[in-house]
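Structure record follows, encoded as structure tokens.
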There are 2 protein chains.
Amino acid sequence: MSTRALRKEEEENLLRRADDLCRQNNLRLTPIRERVYRELVQSGGPVGAYDLVDRLSSDKKRLAPVTIYRALDFLRDAGLVHRLATQNSYVVSHGQPDVNAMKIMFVDSKTGETIEVHSTEVAEAVRKAAEQAGFKSVSPFMEVEGELSR
Amino acid sequence: MSTRALRKEEEENLLRRADDLCRQNNLRLTPIRERVYRELVQSGGPVGAYDLVDRLSSDKKRLAPVTIYRALDFLRDAGLVHRLATQNSYVVSHGQPDVNAMKIMFVDSKTGETIEVHSTEVAEAVRKAAEQAGFKSVSPFMEVEGELSR
DNA sequence: GCCGCTAAGTAATAACATTACGTAAAACGA
DNA sequence: TCGTTTTACGTAATGTTATTACTTAGCGGC
């Protein structure tokens with residue numbers, strides 16, 4: 001089976017999981033929201049909001065930035081998408097939500113390529129550090145810039 | 001001694017250390033760069049670039065944004081200042097540079113208040129996770145959002 | 001003095017994100 | 001089923017953050 005087909009399968013998996021998640025939580029995965037999510041899935045990496053505007057606009061119909069931002073807000077709230085603050089871009093969140101794990105987005109400083117890793121060890125270490133700092137709870141997401149080994 | 005005086009003393013310490021650092025590395029802490037750094041030190045927390053423009057501008061002389069951004073770039077390269085990507089703001093980096101420690105900026109989601117903690121434990125855990133992800137080196141800075149206990 | 005380099009001035013614009021307000025359709029209760 | 005409420009999206013304008021391109025000024029070495 002081709003890599004292409006594998007990826008296609010994975011795409012469909014993600015879409016289906018998103019659909020299920022929304023169904024189970026009474027969230028409405030509207031056409032626009034699904035198109036935005038699908039575009040992020042297919043891109044395989046971080047995409048900027050205005051890039052999404054372009055990609056989802058046709059000659060006939062141009063979407064407004066705010067439309068994309070609204071969809072992104074929804075997807076972020078649903079935990080399906082993560083915002084990369086250092087890159088002003090958005091990327092699908094992989095892996096089943098594990099409450100105890102830190103979701104680390106490693107971002108390649110050069111290319112912007114990202115890889116997501118979940119780590120309970122990091123979560124625990126960060127939790128301790130947070131305590132020191134007087135923080136009672138911390139986001140389960142973080143972003144770390146680095147260099148991909150090639 | 002008053003808290004005010006203590007803070008003042010701390011400010012002077014930071015300024016002196018910055019000065020030393022630049023001297024030792026043949027970096028030029030020009031008047032503008034020093035003013036930007038001083039403003040950040042005095043604010044005691046994160047400040048936006050355009051805020052700095054306003055604060056460092058007088059009626060007579062208005063600084064251009066690019067002037068501030070250039071100073072911030074310098075200070076960041078020197079390791080004196082850290083950019084908070086989630087907040088679009090800039091904050092002084094405290095603590096002596098420890099190569100083996102992760103410099104974690106905890107950011108209060110409500111107020112934007114920050115506290116910096118250095119942790120070798122987190123650094124080690126992140127390094128391991130990075131290896132899994134195929135990253136060979138990672139930034140010694142990270143930003144974590146959370147909630148300050150009050 | 002002149003050269004070469006770095007910093008800063010100036011103007012414009014790019015890139016990213018939000019506010020405000022109107023319309024339409026879905027969801028909900030009586 | 002009707003009216004009300006809520007949610008999503010359209011539309012336009014604007015706000016906020018950051019950069020590019022080019023020019024001018026200052027400083028150090030020769």
Side-chain angles (χ1 to χ4, degrees), chain A residues 18-19 22-23 25-40 43 46-78 80-91 107 109 112 143 145, chain B residues 18-19 22-23 25-40 43 46-78 80-91 107 112 143:
Chain A
D19 212 83
C22 290
R23 231 176 268 292
N25 292 90
N26 255 310
L27 302 173
R28 295 198 268 167
L29 192 58
T30 63
I32 287 185
R33 289 166 179 174
E34 188 178 340
R35 283 172 64 203
V36 170
Y37 185 64
R38 184 184 303 277
E39 192 61 42
L40 285 170
S43 82
V47 184
Y50 276 71
D51 253 22
L52 289 168
V53 170
D54 292 339
R55 297 189 194 183
L56 297 180
S57 291
S58 64
D59 294 334
K60 326 215 164 203
K61 180 105 194 114
R62 177 151 193 91
L63 294 179
V66 71
T67 300
I68 299 298
Y69 281 108
R70 287 197 278 231
L72 288 171
D73 286 346
F74 169 86
L75 294 167
R76 290 211 280 155
D77 287 348
L80 293 167
V81 162
H82 182 49
R83 173 170 134 84
L84 297 180
T86 59
Q87 310 267 110
N88 291 329
S89 64
Y90 304 84
V91 65
V107 184
S109 304
E143 200 178 328
E145 287 184 273
Chain B
D19 213 81
C22 291
R23 229 176 271 290
N25 293 89
N26 257 309
L27 303 172
R28 294 200 268 169
L29 191 59
T30 63
I32 287 187
R33 291 166 178 174
E34 187 177 340
R35 283 171 65 203
V36 170
Y37 185 64
R38 184 185 302 279
E39 191 61 42
L40 285 171
S43 81
V47 183
Y50 277 72
D51 253 22
L52 289 168
V53 170
D54 291 340
R55 296 189 196 182
L56 297 181
S57 290
S58 64
D59 295 333
K60 327 215 163 205
K61 180 103 192 118
R62 178 151 192 90
L63 294 179
V66 71
T67 300
I68 299 298
Y69 281 106
R70 288 197 277 230
L72 288 171
D73 286 346
F74 170 86
L75 294 168
R76 290 211 279 154
D77 287 348
L80 293 167
V81 161
H82 183 48
R83 172 170 136 84
L84 298 180
T86 60
Q87 309 267 110
N88 291 327
S89 64
Y90 303 83
V91 65
V107 184
E143 194 177 336

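Naming convention: chains lettered A, B, ... in sequence-line order (proteins, then strands); numbering from 1 in each chain.
For the pair B/Arg28 and D/dC27, the criterion of a side-chain N or O lying under 4.0 Å from OP1 or OP2 is not met. Phosphate proximity of D/dA18 to B/Tyr90: present, with a side-chain N or O under 4.0 Å from OP1 or OP2. Between B/Tyr69 and the phosphate of D/dT19, there is no side-chain N or O to OP1/OP2 separation shorter than 4.0 Å. Between B/Lys61 and C/dT10 there is a side-chain N or O to OP1 or OP2 distance below 4.0 Å.
Atom-to-atom, CG of B/Leu63 to C1' of C/dA11 comes out at 15 Å; the value is rounded to the nearest Å. In this structure, B/Asn88 atom CG and D/dT19 atom P are separated by 11 Å, rounded to whole Å. Atom CD1 of A/Ile68 is separated from atom P of D/dC9 by 10 Å (rounded to the nearest Å). As a whole-Å value, the separation of B/Asn26 CG from C/dC5 P is 17 Å. Remark: C1' of C/dA17 and CZ of A/Arg83 are 9 Å apart, rounded to the nearest angstrom. To the nearest angstrom, C1' of D/dC9 lies 15 Å from CG of A/Leu75. Counting to the nearest Å, the P atom of C/dT6 and the CZ atom of B/Arg33 are 11 Å from each other. One interatomic measurement links the two molecules: CG of B/Leu29 to P of C/dA7, which rounds to 11 Å at whole-angstrom precision.
For the atom pair A/Tyr90 OH and A/Tyr69 OH, the distance stands at 5.0 Å (nearest 0.5 Å). Rounding to the nearest 0.5 Å gives a distance of 12.5 Å between CG of B/Leu84 and OG1 of A/Thr86.
Taking every side-chain heavy atom of B/Thr30 into account, C/dA7 is the closest of C/dG9, C/dA7, D/dG10. Nearest to the side chain of B/Thr67, among D/dT11, C/dT10, C/dT6, sits C/dT10.
Residues A/Phe74 and A/Tyr50 each lie close to DNA chain D; by heavy-atom proximity, the contact nearer the 5' end of the strand is made by A/Phe74. Residue-to-nucleotide proximity on DNA chain D shows that, of A/Arg62 and B/Arg70, the 5′-proximal contact is made by A/Arg62.
When all heavy atoms are compared, the tightest approach of B/Tyr37 to B/Val81 is CD1-CG2, 4.0 Å.
In terms of modelled atom types and a separation under 3.5 Å, the side chain of A/Gln87 and the main chain of A/Pro46 share no donor-acceptor contact. The closest donor-acceptor contact from the side chain of B/Arg83 to the backbone of B/Arg76 lies at 3.5 Å or more, if one exists at all.
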